[in-house]
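As the structure lists them, so they are numbered: ligands from 1, and atoms in each ligand from 1. For reference, positions follow the sequence shown, starting with 1.
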Amino acid sequence: MSEIAKKTQVVIVGGGPAGSLLALLLHQQDVESVILELRSRDHVLERVRAGVIEYGSGATLREAGLAARMDREGFVHEGVNLAFSDRLLHIDFERLTGKHVIVYGQTQLQRDLYDAIDRAGITLVDEAEGVDLHDVDGGSPRVTFSQDGAEREITCDYIAGCDGVHSTTRDHIPDSIRQTFERLYPFVWVGLLSETPPVSDELIYANHPDGFALCSMRNENLSRYYVQGSAEDTTDDWPDDRFWETLKARLPRAVSDRLVTGPSVEKLVTPLRSWVSEPLRHGRLFLAGDAAHIVPPTGAKGLNLAISDVVYLAEALAGFYATGDETGLEEYSDRALARVWKAVRFSWWMTSTMHRFPGMSNDFDRRLQKTELEYLFSSENGQRSMAENYVGLPL
Ligand code: RFL
Ligand code: PHB
């Protein structure tokens, strides 16, 4: 990067989906920004993460002209399946809500966003180290960082903290006004990617007495599977053979008989937690995406919340620059959090309903979980509520 502006309207810390999309939405509304990303471009583009794009997220990307490849290569899923007691329940999104989701890897979406950033000529500084914020609650905020050993400074009007779960921008919200809300779940997900045909053309979420399992996919020859593991597990505890055996045992027979296994091309262990930091604004700093909230992956909501946050934030910032009216900026935190908490609720519900909790052998909680699933299997209204949340509540 040869020339980095010394002044811009918005400095965006973090070039993940939240930061990248925010820069693009601002650019389309004539607001200038600079993105500072800690990691290398290759690193950001290679991270394997989310897979499910809500109906409204898809529409947002389409309206912003960012969905050409997603619409070509993504897979429209008109429903999902829940497995329980060797039975499979198909939740028909199209029939119940008239909407669908798109299965499209976050890896691909990130590439689409970076390509669009390059085309738009937005400055994205890779490997920006030691990013620090100054005068966040004063009139002239500054962001300092180093790149290739050179110290840099950018002055700006506003700062967007889109720096993910380990956010440091968040630390600039004083403890005296910050509240956090947390629920830890006593297990992990072990995820495996394999170059094999997916076992099903729609996702399968399985509740089994031994633990949860999920069958997902990236394309016709790339499958993504997850199984619930113990809280202290690492990938070393999950050689491929153990993973496949566990997955098979947790799926209904009719599904496991069809499962094609193969060597893993990627494997991860991810803890599950629900966590929200409030408020999302302090002075001239705004938080968005994982920097402000984490949900367990069971509801497939994290990336989608990053998208809805930045839609609201871009609207508020662009509104301010167009009219000088700060109402949108003042309302951003409450507006975004209202939607965030609904996804926190849904992800908590799916996690609680679909996993085995240690110590839950035959007790009250297990009975309730069984009853929750029996209700869902028998009630179209229950299924409609699940479908409505899964395809995504309106923005
Ligand atoms: P990201 O993607 O973590 O990006 C943050 C960026 O900030 C950079 N950064 C810094 N940059 C500058 N200075 C610093 N000091 C910095 N510190 C960090 C980082 O390098 C990074 O590039 O957060 P963002 O943009 O908020 O996006 C959030 C999503 O990535 C996340 O919520 C989803 O991946 C969650 N998630 C899922 N979400 C869905 O909507 N649907 C899914 O199906 C889904 N499945 C998943 C998931 C997450 C998973 N894992 C690995 C936790 C499945 C899994 C297994
Ligand atoms: C994925 O494909 O990685 C995936 C799908 C659904 C989830 C979580 C992850 O709920």
Side-chain angles (χ1 to χ4, degrees), residues 11-23 35-41 43-54 57 75 77 80 101-107 109-110 113-114 124-133 143-147 159-171 188-193 198 202-205 212 214-219 222-226 266-273 275 287-310 340 343 346-347 350-351 354 390 392:
V11 169
I12 299 172
V13 184
S20 309
L21 181 61
L22 177 61
I35 306 172
L36 305 179
E37 166 57 50
L38 174 67
R39 311 303 296 253
S40 70
R41 191 171 269 238
H43 178 93
V44 173
L45 290 173
E46 273 159 25
R47 286 191 294 227
V48 178
R49 287 207 180 152
V52 178
I53 310 279
E54 289 176 357
S57 300
F75 295 81
H77 281 210
V80 287
V101 295
I102 302 168
V103 172
Y104 186 60
Q106 183 170 328
T107 317
L109 177 63
Q110 185 76 57
L113 295 172
Y114 271 18
L124 193 169
V125 182
D126 300 307
E127 301 183 67
E129 292 185 346
V131 168
D132 201 5
L133 317 184
V143 181
T144 53
F145 61 100
S146 67
Q147 195 211 22
I159 299 164
C162 301
D163 49 346
V165 57
H166 303 299
S167 170
T168 52
T169 58
R170 189 169 63 216
D171 300 338
V188 296
W189 275 18
V190 185
L192 178 148
L193 197 67
E202 284 181 348
L203 271 59
I204 302 174
Y205 289 85
F212 169 80
L214 167 61
C215 306
S216 182
M217 68 198 66
R218 290 296 176 271
N219 61 46
L222 195 56
S223 297
R224 183 71 166 156
Y225 296 109
Y226 298 93
E266 192 260 1
K267 203 180 276 165
L268 63 69
V269 166
T270 185
L272 271 73
R273 67 175 177 146
W275 179 90
L287 300 181
D290 278 12
H293 39 73
I294 298 295
V295 285
T298 327
K301 292 289 168 233
L303 168 64
N304 292 293
L305 286 181
I307 293 176
S308 59
D309 281 358
V310 301
V340 165
F346 178 67
S347 307
M350 267 202 75
T351 304
M354 299 307 293
Y390 196 95

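- For the pair Q110 and P17, the minimum side-chain heavy-atom distance is below 4.5 Å.
- For the pair R39 and ligand 1, a heavy-atom separation below 4.0 Å is found.
- Protein heavy atoms all stay at least 4.0 Å away from atom 49 (C) of ligand 1.
- In this structure, the protein non-hydrogen atom closest to atom 36 (N) of ligand 1 is A50 CB, 3.6 Å.
- Residues R273 and V165 meet the side-chain proximity criterion, which asks for heavy atoms closer than 4.5 Å.
- Annotation for ligand 1: atoms under 4.0 Å from non-hydrogen atoms of G289 are 26 (O).
- Each of R49, G51, V52, W189, L203, Y205, L214, S216, R218, R224, Y226, P297, T298, A300 has a non-hydrogen atom positioned under 4.0 Å from some atom of ligand 2.
- By the 4.0 Å heavy-atom criterion, P17 is counted among the residues contacting ligand 1.
- For S308, the side chain to side chain donor-acceptor pair (under 3.5 Å) partners are R339, not counting sequence neighbours.
- Although no hydrogens or angles enter the test, the distance criterion places a donor-acceptor pair under 3.5 Å between the side chain of K301 and the main chain of Y390.
- Taking the charged nitrogens against the carboxylate oxygens, R41 and E127 have no contact shorter than 4.0 Å, which rules out a salt bridge.
- Each of V13, V11, D171 was evaluated against L133; a single residue qualifies, V13, per the side chain to side chain contact (heavy atoms under 4.5 Å, CB included) test.
- Using 4.0 Å as the threshold, Y226 has a heavy atom nearer than that to some atom of ligand 1.
- Heavy-atom proximity to atom 2 (O) of ligand 1, evaluated over R49, E127, R224, is greatest for R49.
- Using a 4.5 Å heavy-atom threshold, the side chains of H77 and V52 count as separate.
- Atoms OH and OG, from Y205 and S216 in turn, are 7.0 Å apart once rounded to the nearest 0.5 Å.
- Considering only heavy atoms from C-beta on, T168 comes within 4.5 Å of D163 through its side chain.
- Less than 4.0 angstrom separates some heavy atom of V13 from each of these atoms of ligand 1: 12 (C), 13 (N).
- With G51, G164, S40 as candidates, the residue nearest to atom 23 (O) of ligand 1 on a non-hydrogen basis is G164.
- S20 contributes a side-chain N or O that, together with a main-chain N or O of G15, makes up a donor-acceptor pair within less than 3.5 Å.
- The single protein non-hydrogen atom nearest to atom 12 (C) of ligand 1 is L38 N, 3.2 Å, given as residue, atom name and distance.
- Among all protein heavy atoms, the one lying closest to atom 25 (O) of ligand 1 is A18 N, 2.9 Å.
- For D290, there are no side chain to side chain donor-acceptor pair (under 3.5 Å) partners, not counting sequence neighbours.
- Between R39 and D126 the shortest side-chain heavy-atom distance does not fall below 4.5 Å.
- Taking 4.5 Å as the limit, every side-chain heavy atom of L193 sits out of range of all side-chain heavy atoms of Y225.
- Ranking the protein heavy atoms by distance from atom 52 (C) of ligand 1 puts T270 OG1, 3.5 Å first.
- The aromatic rings of Y226 and W189 sit tilted, their planes meeting at an angle between 30° and 60°.
- Ligand 1 lies less than 4.0 angstrom from a heavy atom belonging to R47.
- The option from V48, V269, V190, D290 that lies nearest to atom 31 (C) of ligand 1, judged by heavy atoms, is D290.
- Listed by number with element, the atoms of ligand 1 under 4.0 angstrom from any heavy atom of V131 are 13 (N).
- Atom 5 (C) of ligand 1 has its closest protein heavy atom at C162 O, 3.4 Å.
- When side chains are defined from C-beta on, L21 counts as touching I307, because their heavy atoms get closer than 4.5 Å.
- Atom 20 (O) of ligand 1 has E37 OE2, 2.6 Å as its closest protein atom, hydrogens excluded (heavy atom only).
- Scored by the salt bridge (Lys or Arg N to Asp or Glu O under 4.0 Å) test, E266 finds R224 as partners (sequence neighbours excluded).
- Annotation: side chain of D132 is not in contact with side chain of V143 (no heavy-atom distance under 4.5 Å).
- Listed by number with element, the atoms of ligand 1 under 4.0 angstrom from any heavy atom of N304 are 40 (O).
- With a heavy-atom cut-off of 4.0 Å, T168 touches ligand 1 through its side chain alone.
- For atom 40 (O) of ligand 1, the nearest non-hydrogen atom from the set L303, V101, L36, D163 belongs to L303.
- The single protein non-hydrogen atom nearest to atom 4 (O) of ligand 1 is G16 CA, 3.4 Å, given as residue, atom name and distance.
- Looking only at protein heavy atoms, the nearest one to atom 30 (O) of ligand 1 is Q106 NE2, 2.8 Å.
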